Amino acid sequence: MAFFLNNKFARILLVVVFLTSACKDNKTEHEEVVSEPKEYIMYQPSEMANFMNALYAYNEGIKSQIENGEIPTQMPLDLMTMHTAEMTKGKHRSEAWQKVVDVFIESQKQVTDSLSSEDLKLRYNAAINNCLSCHKTECTGPIPRIKKLLIQ
C-alpha cells in the first residue's frame with residue numbers, strides 16, 4: 001500500500017478511478033420533457049386605436065400637402081366615430097376626454113375649411129396641439145409620434 005501512496009502515477013490513477021466510479025453511481029434518468037406548444041396571443045387593437053392610427057395617417061398626408069403648398073379640401077374620416085368607437089381595455093371616456101374631444105373635432109374640421117381666413121399652418125398645428133392636449137391627460141404613449149406631425 002505504501003507503494004501506491006508514494007507513486008504519483010498511482011495516486012492520479014486512484015483519483016481518476018474514484019471520480020469515474022462516483023459519476024457512474026450518480027446516474028440519473030433523464031425524463032423527456034414534453035412541452036406543449038406555446039399559444040401566442042396576437043395584439044388586437046381596439047376600434048379607437050385603429051381610428052387613431054387612421055387619423056394619424058390622414059394628418060400625415062395633410063401635413064405633406066400643406067408643406068407642398070396644396071390646400072386640403074375634404075375630411076374623409078367620420079370624426080364622430082370618436083364618440084362611439086370601442087376604447088382600449090382599461091381605458092374609458094373620462095370627463096377630461098369628453099371636454100377635449102368636441103374641441104378637437106371642431107379644430108380638425110377647420111383645417112379643411114376653405115373659407116377660413118386664418119393661416120392654414122396655424123389651423124393645422126392647432127388641431128395637432130389639440131391631439132397633444134388630450135393625450136397629455138389620457139393616453140400618453142403616442143405623444144412623441146404626434147409631435148412629429150407639427151409643422152415647424
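In what follows, every heavy atom counts, from backbone to side chain, and hydrogens, waters and symmetry copies are set aside. Computed from a predicted model, the values in this text were never measured in an experiment. Just so you know, residue 1 is the first one in the sequence shown, and it goes up from there.
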Could you state the interatomic distance from CH2 (Trp97) to OG1 (Thr137), rounded to the nearest 0.5 Å?
11.0 Å

Quick one: pull up OG in Ser94 and NZ in Lys99 and give me the separation to the nearest 0.5 Å.
9.5 Å

Looking at every heavy atom in both Gly141 and Pro144, which two are closest together, and how far apart are they?
O-CD, 3.5 Å

Partners passing side chain to side chain contact (heavy atoms under 4.5 Å, CB included) against Tyr40 (at least two apart in sequence or in another chain):
Lys38

Does any non-hydrogen side-chain atom of Leu55 lie less than 4.5 Å from one of Leu79?
yes

For residues 105-112, which side-chain N or O atoms pair as donor and acceptor with protein atoms under 3.5 Å away, sequence neighbours left out?
{"unit_1": "Ser107", "atom_1": "OG", "unit_2": "Val103", "atom_2": "O", "d": "3.4"}
{"unit_1": "Ser107", "atom_1": "OG", "unit_2": "Phe104", "atom_2": "O", "d": "2.8"}
{"unit_1": "Ser107", "atom_1": "OG", "unit_2": "Asn130", "atom_2": "ND2", "d": "2.8"}
{"unit_1": "Gln108", "atom_1": "NE2", "unit_2": "Asn59", "atom_2": "OD1", "d": "2.7"}
{"unit_1": "Thr112", "atom_1": "OG1", "unit_2": "Lys109", "atom_2": "O", "d": "3.1"}

Among all residues two or more places apart in sequence or in another chain, which pass the side chain to side chain contact (heavy atoms under 4.5 Å, CB included) test with Glu118?
Ser116, Leu122, Arg123

Side chain to side chain contact (heavy atoms under 4.5 Å, CB included) against Lys121, all qualifying residues, sequence neighbours excluded
Ile66, Asp119, Ile151

Can you tell me how far CD1 of Ile128 sits from OG of Ser133, rounded to the nearest 0.5 angstrom?
11.0 Å

Can you tell if the side chain of Arg93 reaches within under 4.5 Å of the side chain of Met48, non-hydrogen atoms only?
yes

Atom pair NE2 (His135) and CE (Met52), whose distance is rounded to the nearest 0.5 Å
5.0 Å

Decide yes or no for Leu132 and Leu150: does some side-chain heavy atom of the first lie under 4.5 Å from some side-chain heavy atom of the second?
yes

Show which side-chain atoms of residues 82-89 pair as donor or acceptor with protein atoms under 3.5 Å away, not counting sequence neighbours.
{"unit_1": "His83", "atom_1": "NE2", "unit_2": "Asp102", "atom_2": "OD1", "d": "3.0"}
{"unit_1": "Thr84", "atom_1": "OG1", "unit_2": "Thr81", "atom_2": "O", "d": "3.4"}
{"unit_1": "Thr88", "atom_1": "OG1", "unit_2": "Ser46", "atom_2": "OG", "d": "2.9"}

Do any pairs count as a side-chain hydrogen bond (donor to acceptor under 3.5 Å, both in side chains) and have a residue in residues 63-79, sequence neighbours left out, and if so which ones?
none

